[in-house]
Visitor: 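There's a structure below that I have some questions on.
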Number of protein chains: 2
Amino acid sequence: MHGPRPTLEAVAAHAGVSRATVSRVVNGGAGVRKSLRDRVQASVAELGYVPNSAARSLVTRRTGAVAVVIAEPETRVFSDPFFAQQLRGISRELAACDTQLLLMLLEGRTDYDRIGRYLAGGHVDGALMFSLHRDDPLPSMANASGLPTVFGGRPGWPGAEDDPDLLYVDTDNRGGARQAVEHLRRRGRRRIAVITGPLDQTSALDRLDGYLDALGLTEPDPALIAHGDFTAEGGERAMAELLDRSPGLDAVFAGNDLTATGALRTLRARGLRVPQDVAVVGYDDLEQAAWAEPALTTVRQDIQGMGRMMAELLLRRLGLADASGVGRPAPVVTPARLVVRASS
Amino acid sequence: MHGPRPTLEAVAAHAGVSRATVSRVVNGGAGVRKSLRDRVQASVAELGYVPNSAARSLVTRRTGAVAVVIAEPETRVFSDPFFAQQLRGISRELAACDTQLLLMLLEGRTDYDRIGRYLAGGHVDGALMFSLHRDDPLPSMANASGLPTVFGGRPGWPGAEDDPDLLYVDTDNRGGARQAVEHLRRRGRRRIAVITGPLDQTSALDRLDGYLDALGLTEPDPALIAHGDFTAEGGERAMAELLDRSPGLDAVFAGNDLTATGALRTLRARGLRVPQDVAVVGYDDLEQAAWAEPALTTVRQDIQGMGRMMAELLLRRLGLADASGVGRPAPVVTPARLVVRASS
DNA sequence: CTCTGTGGTGAGAGCGCTTTCACGACCCCG
DNA sequence: CGGGGTCGTGAAAGCGCTCTCACCACAGAG
C-alpha cells in the first residue's frame, strides 16, 4: 500500500501532460484549460498524489507551519485549562488555512537557546507566544530574526507599546477587574482587599489597576493588598496574610480563580462565612469556579476566541487569511464580563 | 540582520572546504580531520548557519517531526489537565531528540479526512494518538499509511491485541481500581457502588473490571452501577441515580476525579456526609482532587511519565532514541497507586 | 498576407541539502 | 621500492517541487 509515493512526475506521465501543468492544477489550476485540469485532477485522485511539503517549501520558502511557544516552566499550565482552550481556538483557525501547529513548551533556561535557534532557522512562517514575563528573552529573539509574531497578552517589556508593528491579543483585564470591584462596592462592601498575581505580567498589573480604578485610588492600601502567584497555594497564603493584617476586611478580589479557590480554603479554615462575612470574587471563570463551594463570582473572558484571534492576526500578517479581515492587522483587546454567583 | 540566511555553500566558502565536508561536520563530523572540523565549526558559528530543514528532509526523507493527534471533540480536554501534562512529557522527550511536535486537535468528523491525508502525506515521521474510542477511524488510517504510531491508552478496537507491532502506553487502570475498592472494603464498606466512564474507552472498562475484581464479582450489581461520562455533570447525575435506586449504599467508586467531584456535589445536596455516610474514591489525582471538600481519595498515575514514554517508544521505533532503550519497543503499562485522603 | 497580441503549455533551472563515488595522500607490509 | 590497503576530501548527482521563460497556436488588426 505504501510504496514510494507518487511524485508530480508520475502524475504528469499518467495524465499525459508536463510537470508544470500538474503543478498549476494542484495549486489552484489558474491558467489551465478545463479539459486538461479535469484530466489532471483525475490522475491525482487515482494515484493518491499528495505534494511533498519539503520539496515545496524548499522552493517557496514557506513552511505552512506556525510555532506556538508557551514559556511557562511553572506548574500553572497543568492546573489551568487556559492554554488548552487557547490551543483549541488556535488549532481551529490554523486548520482552516491548512497551516500546521508546532507546539513548543519551554522548560528551563537552556530551552531558550534551542527555541531561539529554531525560530531563527526558518522552520516556521510565524509564531504565537504566550505568558511572557517582563524580562523574557523570546520577543527580542523573534524580533531579531524578523519572524512574524503575535503575543498572547499585552507585552510588558520596555518600549513594547511604542512598536507600531507589535501584534497581540489581550483581554480587558483592567475593565474586568473594575467591574468586579464595583460589584463588590454595590453590594455594600467597604473594606475590599486584593490578592494580586505575579506583577511581572501585564494581566496581573492591569487587574490591580482595575481594582484601584473602582476604588478611586492611585495607590493600594498596604493593609489590603497581598501578593499571590496565580496558584491556589498562593491564594491560600495571601488570604491568611490579609486576615492577619486586616481582620475587618469584608471582601477580597482575587487575581484569578485559582487564587480565589485558595482564598476560599483559608476563609473556611478560619471559620469565616462566604459571602456573609467575606465576599470573594475571582477572575477567569474556569470550570472549577462554578463548582467551588460556594460557587465563585468571577470575570469571564472568551479564551478560545482569543486563541482564534491570535491565529487570525498572524495569518493575516502572513497574508494567508481570508479576505474577511480587511485593513492592517492591529492589536485586539477583547471584553471581559462579570459573572455573579454565590460567593459575593 | 535577517538577510538571506547563509547556506552550506556559504559556510564552505568561508571555511575554504567543500559543501560535502561542511555537511559532514554539521551532521556529527565523522570522518573529518579535527583541524578541518574546528575550522568549519568556527565558520558555522560565525555565520550563524542553521541547516534548512526543508532541503534536508527532501533528501533524507525524514521530517524530524512527530504528530500528536488528540481526538476529543468533547469538552473534556478543557477541564482536564490530563492532556496538558502528557503534552509536557512528550514535548520534553521529543526536544531531547531534536524532534518537533506537531499538534493536531480534531473537532468534527470532517477533520478526520484532513488529518488522514496529512498523516499519509509523509509530513511527519510518526504519530502519537490519544483518547481513541472503540470505533475511531484514525488507527486504521495510520496503519494503512504505514506511519509508525504509538497510542495513549490501550487500544480497544477489535483485533488490536493481536497486532504484534502495536505500541501503546497505558496505566494499570484495572489494578488501580482494584486497590481503590479493596481500600473501601478494608474500611468496612459493604455496599460499594460504581460510576463508570464511557464504556467505549478501555480505561473506563478496565476500571470497572478492577472494581469487579475487588468485589469478587463477574457481573456488577445492577442496583449499584451507574454510567457517567468522565465529567462532573455526569458524576452529579449518576450519583443521584444511584441514591434513588440504592439509598443504603455506603461508598462509591467514581470513574475519575471529575466524576467524583460531581458525586460529592450531589451527596452534599442530599445532606449526606462524606465519608461518614458515604465514602468516595476518585481516579486520576488531579490537582482539584486534593482541593475538593473533603479532599478526595483517589488513584494516582504518572501522567507526564506516560507522555514521556509514548514519545520514547515512538523515537525508538523511529530509530532515534538513545541507545539506552535496548531491545524491541513493546507496549508499556505503568503502575497506579492509591492516595488516601479525607473522603474515604 | 504579415505583424502583434494573448492564452495555454512544456522545458529546464535551481531551491539547499545529503550521499555516492572517485581520487589523492599516506601508511604498512612484503 | 611497489602493491594494496585506509583515510580524508571534493565533485556531482539528484531529492520533488515551483516558476520563469520560451514556444506554439490562434485571433484580430493593419
Side-chain angles (χ1 to χ4, degrees), chain A residues 2-41 43-44 47-65 98 117-118 120-125, chain B residues 2-41 43-44 47-65 98 120-125 319-320:
Chain A
H2 46 278
R5 289 195 297 127
T7 70
L8 252 202
E9 188 80 50
V11 178
H14 187 270
V17 297
S18 74
R19 290 207 312 278
T21 300
V22 180
S23 175
R24 279 188 275 260
V25 171
V26 169
N27 294 291
V32 178
R33 220 184 325 156
K34 177 94 171 61
S35 61
L36 262 197
R37 204 188 318 160
D38 291 347
R39 203 158 86 226
V40 171
Q41 272 160 353
S43 294
V44 165
L47 298 180
Y49 170 73
V50 183
N52 179 317
S53 55
R56 176 178 279 177
S57 67
L58 179 57
V59 35
T60 59
R61 272 110 203 305
R62 298 197 26 333
T63 63
D98 260 318
R117 225 174 320 118
Y118 190 82
H123 304 255
V124 290
D125 297 335
Chain B
H2 46 280
R5 291 196 296 126
T7 70
L8 252 202
E9 188 80 49
V11 178
H14 187 270
V17 297
S18 73
R19 291 208 311 277
T21 300
V22 179
S23 175
R24 279 188 275 258
V25 171
V26 169
N27 293 291
V32 177
R33 220 183 325 154
K34 177 93 171 60
S35 62
L36 261 198
R37 202 186 320 157
D38 290 346
R39 203 158 86 225
V40 171
Q41 272 159 353
S43 295
V44 165
L47 298 180
Y49 170 73
V50 184
N52 178 317
S53 55
R56 177 178 278 176
S57 67
L58 179 56
V59 35
T60 58
R61 271 105 204 306
R62 298 194 30 326
T63 63
D98 261 316
H123 304 256
V124 290
D125 297 336
L320 287 177

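The structure presented is a predicted model; accordingly, all values stated were derived computationally and were not measured.
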Visitor: I need the residues from residues 32-40 of chain A with at least one non-hydrogen atom less than 4.0 Å from DNA chain C; give them sorted by number, or say none.
Guide: A:Val32, A:Arg33, A:Leu36

Visitor: Using a 4.5 Å cut-off on heavy atoms from C-beta on, say whether the side chain of A:Arg24 contacts that of A:Leu36.
Guide: no

Visitor: Hey, mind stepping through B:Val17 and B:Val22 against side chain to side chain contact (heavy atoms under 4.5 Å, CB included) and telling me if it holds?
Guide: CA-CA 7 Å; B:Val17 297; B:Val22 179; 3.7 Å; yes

Visitor: Who are the salt bridge (Lys or Arg N to Asp or Glu O under 4.0 Å) partners of A:Arg19, not counting sequence neighbours?
Guide: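 Listed in chain order: A:Glu9.
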
Visitor: Begin with the C-alpha distance, continue with both residues' side-chain angles, and end with the deciding distance and a verdict on side chain to side chain contact (heavy atoms under 4.5 Å, CB included) for B:Val32 and B:Thr21.
Guide: CA-CA 7 Å; B:Val32 177; B:Thr21 300; 4.2 Å; yes

Visitor: Using five pairs at each end of the helix from C:dC1-D:dG30 to C:dG30-D:dC1 to define an axis, what is the angle between those two axes, to 10°?
Guide: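 Taking the rotation axis at each end, their angle is 50°.
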
Visitor: Answer whether the closest heavy-atom distance between the side chains of A:Asn52 and A:Thr7 falls below 4.5 Å.
Guide: no

Visitor: Of all residues at least two apart in sequence or in a different chain, which pass the ring pair (Phe, Tyr, Trp, His ring centres under 6.0 Å) check with A:His14?
Guide: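 Expected list: none.
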
Visitor: Under the 3.5 angstrom rule, does the side chain of A:Arg39 hit a backbone N or O of A:Ala15 as a donor-acceptor pair?
Guide: yes

Visitor: Counting distance only, does the side-chain N/O of B:Arg5 pair as donor-acceptor with the main-chain N or O of B:Val50 below 3.5 Å?
Guide: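 At least one qualifying donor-acceptor pair exists.
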
Visitor: Sugar-phosphate atoms are those with a prime plus P, OP1 and OP2; base atoms are the rest. Using that split, label each nucleotide of nucleotides 15-21 of chain D B, S or - for protein heavy atoms under 4.0 Å, 5' to 3'.
Guide: BBBBB--

Visitor: Would B:Val25 and B:Gln41 satisfy side chain to side chain contact (heavy atoms under 4.5 Å, CB included), going step by step from the backbone distance to the final call?
Guide: CA-CA 7 Å; B:Val25 171; B:Gln41 272 159 353; 3.9 Å; yes

Visitor: Return the set of residues passing salt bridge (Lys or Arg N to Asp or Glu O under 4.0 Å) with B:Arg61 (not counting sequence neighbours), or none when no residue passes.
Guide: none

